[in-house]
Amino acid sequence: MDKLNSQSSKEDLEKLKVEMETKARVSLNEEGLNGLLVFTLDNFAYRYLETSSCTDIHSQKKSDHHFYVESEDTDVMSILKTKDPIAKPALIQLAKKFSSTKGVGIKVKYELHCRFTELNSDNTGELECFSIINWNSDQNFKVEEGLHVKKSSKLKFSDPLILRNKLALLLEEVCEIF
C-alpha cells in the first residue's frame with residue numbers, strides 16, 4: 001500500500017510541476033520577457049547598486065530589448081569595498097587623489113545591463129548581462145581603457161523558463177565586481 005501511495009504522490013508532484021511550468025510560460029508570454037528583465041533588474045539595483053547618494057533607483061530602457069540600471073557612489077569607504085581585483089587598485093589610487101579633500105568630489109559610476117542579443121518570436125534566444133564600474137568622472141564617465149572594468153556573461157535559452165530560472169544566477173555572476 002505504501003508503494004502505491006508513493007507512486008501516486010510522485011505522479012501528483014509531476015502533474016503539479018507540469019501545471020506550474022505551463023502557467024509560468026503563459027505568464028511569460030503574456031507579460032513578455034522584457035517585464036521579467038525589468039523586475040529582476042530592479043531587485044538587483046536595490047541589492048547591489050543603491051548607494052548613500054543614489055537611492056530608489058529603477059531600471060531604464062535603452063532600446064527595445066536592452067534595459068539597465070545605473071548609480072553613482074560618492075562615499076570613499078563604500079567605493080573602496082569593491083571586490084574586483086582590477087578595479088580595487090585603481091579605486092585606491094583614485095581615493096588617494098581625493099585624500100586632501102577627505103573624499104569630497106570623488107565619484108564612481110556603477111551599471112548593470114541586460115540585453116537580448118537575439119530574441120525570437122517564440123521567446124527563445126540569447127541574453128547578455130554585464131556590469132560596469134567606471135571611475136572616469138573627469139570625462140563624464142566616458143568609457144576609456146584603464147578607467148573602467150566590465151564583466152559580462154551570456155545565456156542562450158531554448159525555453160523562456162530557462163531564462164526565468166537562470167536570470168538571477170547570471171546577474172549574480174556579473175555583480176561579483178561590485
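Keep in mind that the numbers below use all heavy atoms, side chains included, and drop hydrogens, waters and symmetry copies. Count residues from 1 along the sequence.
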Applying side-chain contact (heavy atoms from CB on, under 4.5 Å), run through R164 and L36 and close with a yes or a no. CA-CA 7 Å; R164 187 193 79 168; L36 174 66; 4.1 Å; yes
Would you sort out whether H148 and K109 count as a side-chain contact (heavy atoms from CB on, under 4.5 Å), showing the intermediate values? CA-CA 9 Å; H148 78 286; K109 184 177 182 180; over 6 Å; no
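How far OG of S158 is from CG of N123: 12.0 Å, rounded to the nearest 0.5 Å. With values rounded to the nearest 0.5 angstrom, K150 atom NZ is found 14.0 Å from D84 atom CG. From K81, atom NZ reaches atom NZ of K88 across 10.0 Å, with rounding to the nearest 0.5 Å. Between the OG atom in S99 and the NZ atom in K97 there is a gap of 11.5 Å [rounded to 0.5 Å]. Remark: L127 CG to L171 CG distance equals 8.0 Å, nearest 0.5 Å.
Under a hydrophobic-cluster definition in which Ile, Leu, Val, Met, Phe, Trp and Tyr are linked whenever side-chain heavy atoms come within less than 4.5 Å, directly or via other members, L41 and L119 are assigned to the same cluster. Under the 4.5 Å side-chain heavy-atom criterion for grouping Ile, Leu, Val, Met, Phe, Trp and Tyr, F178 is connected to I79 within one hydrophobic cluster. Placement of F67 and F39 in two distinct hydrophobic clusters is found when ILVMFWY residues are connected by side-chain heavy-atom separations under 4.5 Å, directly or transitively. Linking ILVMFWY side-chain heavy atoms closer than 4.5 Å, directly or via other members, places F157 and F130 in two distinct hydrophobic clusters. By the rule that hydrophobic residues join a cluster once side-chain heavy atoms approach within less than 4.5 Å of another member, Y48 and L80 end up as members of one cluster.
Here the side chain of D42 pairs a donor or acceptor atom with the backbone of S59 at under 3.5 angstrom. D73 places no side-chain N or O within donor-acceptor distance of the main-chain N or O of V108, the cut-off being under 3.5 Å.
Residues satisfying the side-chain hydrogen bond (donor to acceptor under 3.5 Å, both in side chains) criterion with S53, sequence neighbours excluded, are T51, T74. Applying the side-chain hydrogen bond (donor to acceptor under 3.5 Å, both in side chains) criterion to K156, with sequence neighbours excluded, gives E118. Remark: T124 pairs with N120, D122 by the side-chain hydrogen bond (donor to acceptor under 3.5 Å, both in side chains) rule, at least two apart or across chains. When the salt bridge (charged side-chain N to carboxylate O under 4.0 Å, His left out) test is applied to D56, no partner is found at least two apart in sequence or on another chain.
Scanning all heavy atoms of the two residues, the minimum distance from C114 to C129 falls at SG-SG, 3.4 Å. Nearest heavy-atom pair across K166 and L155 is CB-CD2, 3.9 Å. Here the closest heavy-atom approach between residue A168 and residue F44 is recorded as O-CZ, 3.5 Å. In terms of heavy atoms, L112 sits closest to L49 at N-CD2, 4.1 Å.
A side chain to side chain contact (heavy atoms under 4.5 Å, CB included) with Y110 is found for exactly one of T82, I177, V69, namely T82.
L163 is listed as a side-chain neighbour of F116, based on a closest heavy-atom distance under 4.5 Å. For the pair K151 and E173, the minimum side-chain heavy-atom distance is below 4.5 Å. Looking at heavy atoms from C-beta onward, I106 lies out of side-chain contact with W135 at the 4.5 angstrom threshold.
When hydrophobic side chains of Ile, Leu, Val, Met, Phe, Trp and Tyr are connected at separations under 4.5 Å, Y46 ends up as a singleton with no cluster partners.
For the residue pair D75/S52, the side-chain donor-acceptor check at 3.5 Å is not satisfied.
For K107, the NZ atom is loosely surrounded, since the number of other residues' heavy atoms within 6.0 Å does not exceed 12.
Between H113 and Y68, the ring planes lie parallel to each other; the angle is under 30°, not in the 30° to 60° tilted range.
For residues 43-53, the salt bridge (charged side-chain N to carboxylate O under 4.0 Å, His left out) pairs, not counting sequence neighbours, are R47-E172.
A salt bridge links R115 and E128; the closest N-O separation between the charged side-chain nitrogens and carboxylate oxygens is under 4.0 Å.
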